[in-house]
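This report concerns only the one structure given below.
Numbered from 1 within each chain, the chains take letters A, B, ... in sequence-line order.
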Amino acid sequence: MPGTTELVAIFREIGDLLDLQGVRFKPEAYRRAARSLEALTEDLAGVAARGELRAIPGVGEALAEKIEEYLRTGAVPFLDRIRSEVPPGLLEIMRLPGFGPKTARRLWVELGIEGPGELAAALAAHRLDGLAGFGPRKIALLSAALAQVGGGPKRRPLVDAWRVAEGLLAAIRTGAPVDRVEVAGSLRRRRETVGDLDILATSTRPERVFEVFSALPEVRTVRMRGPTKETVELSDGLQVDLRVVEPAAFGAALQYFTGSKDHNVHLRSRARDRGLKVNEYGVFRGEERVAGATEDDVYAALGLPTIPAEIREDHGEIEAAEAGRLPTLVDAPDVRGLLHVHLERLGGTGGLPDAARAARRLGFEYLGVVVPEADGEVPALPRPSSGAPRIFLGIETARFPTGPPPGADFWVLRPAAGLAVPPASAPGDAAGPLLVAHLAAGVDSGAEPDRLRPWLALAAARPVAFEVTAGAGSEGLDSTFARQAVEAGAQLALGPGDVPVAAWERYRLAVGLARRAWAAPETVLNARPAEELARSWAARRGRG
DNA sequence: GCCGTTTTCGGCCCGACTGTTTTCAGTCG
């Protein structure tokens, strides 16, 4: 079944092929539409049925027609047409790091090179020597890029990138003459996967900061260094950009490098409309800098409240800010407990006392201790000796519960692969409170988001919470689905994932994901007080 | 190909860095 994911890939390929043809502006138009489709929080066919395709940002008359054609026939003939006009191997050449469509097109037009194989042969035969604009350095870079084709840097999970970034930030803070140091980029937006790290610092001695940074043991090579910016590659292949600005520009730089691209483009066009110019050094009216020291100043200069970093994607947040309808997003202090704790997997030997200590340290009121389902047996409910935290008991099952959890407070459904979603009318509220965990497990990230869609109907039929963890993509939900779930009336349950108590702090990354989903505290199950949970669960659970 | 509180036509974000240059084009984010 063709889906939105495939159409996104089609539009991206069309963009690349148009680039290779030397067409201006259209490539970006196709990519913009692809990004919009990717972030769509509802079914594309549904939007088309209502005749609202053109309400999607970046979709106009021509692209709406292509989308409808695709939904009808499963193909976009325009793709086949331009595919026949451009050798497919050129796509691989233009995707070599450091090279792009202009270079690939020149090699094709001037030397007849149609793919990486021919390029390698041409390099070996010195056919590029003397070609205008191709000096010895560029030819060496081309050879090097060609040698590691396919082995390019991969995006990595948020938690991994976060750990690396924390180490780098600490090292810079202690070793370099810096005033402020913060992460920016997609890591600050808490994207599920991160392609590279952006670090921003203020200092009066940038060159010294770069020296210290380059000498860190994690750094393998320095890719480039200028007066304000350095790019390095870590030994694990991750690319890190470090930028140093003056304090008066810190807010503008932080805003600028936090992105996303579409968010920034939207803001800058808004600035232009108001006779202003935005860049990484500030907001300017003519020569005069009217804002720049803080992000608040930058947004205020553009007539907007400060937009939380996690939702800066141009997914409607600028319009919402303009209208004063920005949601109050859930924040880490709102989380009052964890609901999916497996004592047997905590990684320490302390069991419940250890868990209780960690909970108190993090300021949690309660823990939901979860035990596997055991037929016919009522699990013993563990209780800590002292008062806090309060302990709730959950039973983990792989099948849809048909009745209240025996002797416990709530169900944790961990759907087995291939578990069909029940009809929305089935068991219903009487089956007890339900927390659906690990929903995305087994679903390749980005594979087919439509597969998760039927679960949304469940949310409309009964109270259900979907778990969001720091490990989105592998064990948890991504924020696009989480936003759909919130819009469908479901709750979210935030947690650190299946990790030792020492790593429970990671629940904060799940908070970031929930914020990306525009989740308010009211939509987060474990932002509710213990008393409220106890009351609502006592009314429905099995035991007296 | 999209888009519009100066526009339905004529724009399309903006700057850093590299390599090849002598004033700039390409790539990147």
Problem set entry | Phosphate-side-chain proximity, A:Asn279 and B:dC14, N/O vs OP1/OP2 below 4.0 Å | no
For this session: State yes or no: are the ring centers of A:Phe466 and A:Phe481 separated by less than 6.0 Å?
Result: yes
Exercise. Between A:Arg32 (CZ) and B:dG1 (P), how many Å, whole number?
Worked result: 16 Å
Seminar exercise, completed: Assert: residue with more 5' nearest nucleotide on DNA chain B, out of A:Leu276 and A:Phe99, is A:Leu276
For this session: Sticking with atom P, work out how far B:dG1 lies from B:dT6, rounded to a whole angstrom.
Result: 28 Å
For this session: Would you tell me if any nitrogen or oxygen in the side chain of A:Lys138 comes within less than 4.0 Å of OP1 or OP2 on B:dA25?
Result: no
Exercise. Can a salt bridge be assigned to the pair A:Asp16 and A:Arg31 using a cut-off of 4.0 Å between side-chain N and carboxylate O?
Worked result: yes
Exercise. A:Arg95 has an atom CZ; how far is it from atom C1' of B:dT27, in whole Å?
Worked result: 16 Å
Exercise. How far, in whole Å, is B:dT21 from B:dG26 if one measures between their P atoms?
Worked result: 13 Å
For this session: Between A:Pro227 and A:Val59, name the one whose nearest nucleotide on DNA chain B is closer to the 5' end.
Result: A:Val59
Problem set entry | Spacing of the P atoms in B:dC12 and B:dC17 (rounded, Å) | 24 Å
Problem set entry | Side-chain donor or acceptor of A:Arg516 paired with backbone N/O of A:Arg189 under 3.5 Å | yes
Problem set entry | Any A:Lys66 side-chain nitrogen or oxygen under 4.0 Å from OP1 or OP2 of B:dG1 | yes
Exercise. Between B:dG15 and B:dG10, how far is it from one C1' atom to the other, in whole Å?
Worked result: 24 Å
Problem set entry | B:dT27 to B:dT20 separation - P atoms, rounded to the nearest Å | 14 Å
For this session: Send over the distance from A:Glu65 CD to B:dG1 P, rounded to a whole Å.
Result: 10 Å
For this session: Using the C1' atom as the reference point in each nucleotide, state the distance between B:dC3 and B:dT8 in Å, no decimals.
Result: 9 Å
Problem set entry | Nucleotide forming a Watson-Crick or wobble pair with B:dG10, both distances under 3.5 Å | B:dC3
Problem set entry | Under 4.0 angstrom between A:Ser269 side-chain N/O and B:dC12 OP1 or OP2 | no
Problem set entry | Syn or anti conformation of B:dT20, syn meaning chi within 90° of 0 | anti
For this session: May I ask whether A:Phe25 stacks on the base of B:dC12, given the cut-offs of 5.5 Å between ring centres and 30° between planes?
Result: yes
Exercise. What integer number of Å spans the P atoms of B:dT23 and B:dC28?
Worked result: 26 Å
Exercise. In terms of side-chain geometry, is the basic nitrogen of A:Arg243 or A:Glu230 positioned less than 4.0 Å from the acidic oxygen of its partner?
Worked result: no
Exercise. Expressed in angstrom and rounded to an integer, what is the separation of A:Arg35 atom CZ from B:dG29 atom P?
Worked result: 13 Å
Problem set entry | Protein-nucleotide distance (A:Arg272, atom CZ; B:dG10, atom C1'), rounded to Å | 12 Å
Exercise. Separation of A:Arg54 atom CZ from B:dC3 atom P, in whole Å?
Worked result: 8 Å
For this session: Please answer whether the main-chain N or O of A:Pro57 pairs with a side-chain N or O of A:Ser36 as donor and acceptor at a distance below 3.5 Å.
Result: yes
For this session: Remember a base hit wins even if backbone is also touched, and classify A:Phe257 as base, sugar-phosphate or nothing at under 4.0 Å, heavy atoms.
Result: nothing
For this session: Assess the side chains of A:Thr193 and A:Arg155: does a donor N or O sit below 3.5 Å from an acceptor N or O?
Result: yes
Exercise. Could you give the CZ-to-C1' distance, from A:Arg31 to B:dC2, as a whole number of Å?
Worked result: 15 Å
For this session: Check whether any side-chain N or O of A:Thr103 sits under 4.0 Å from OP1 or OP2 of B:dT27, and answer yes or no.
Result: yes
Exercise. Given atom CG of A:Leu142 and atom C1' of B:dT18, what is their separation to the nearest angstrom?
Worked result: 15 Å
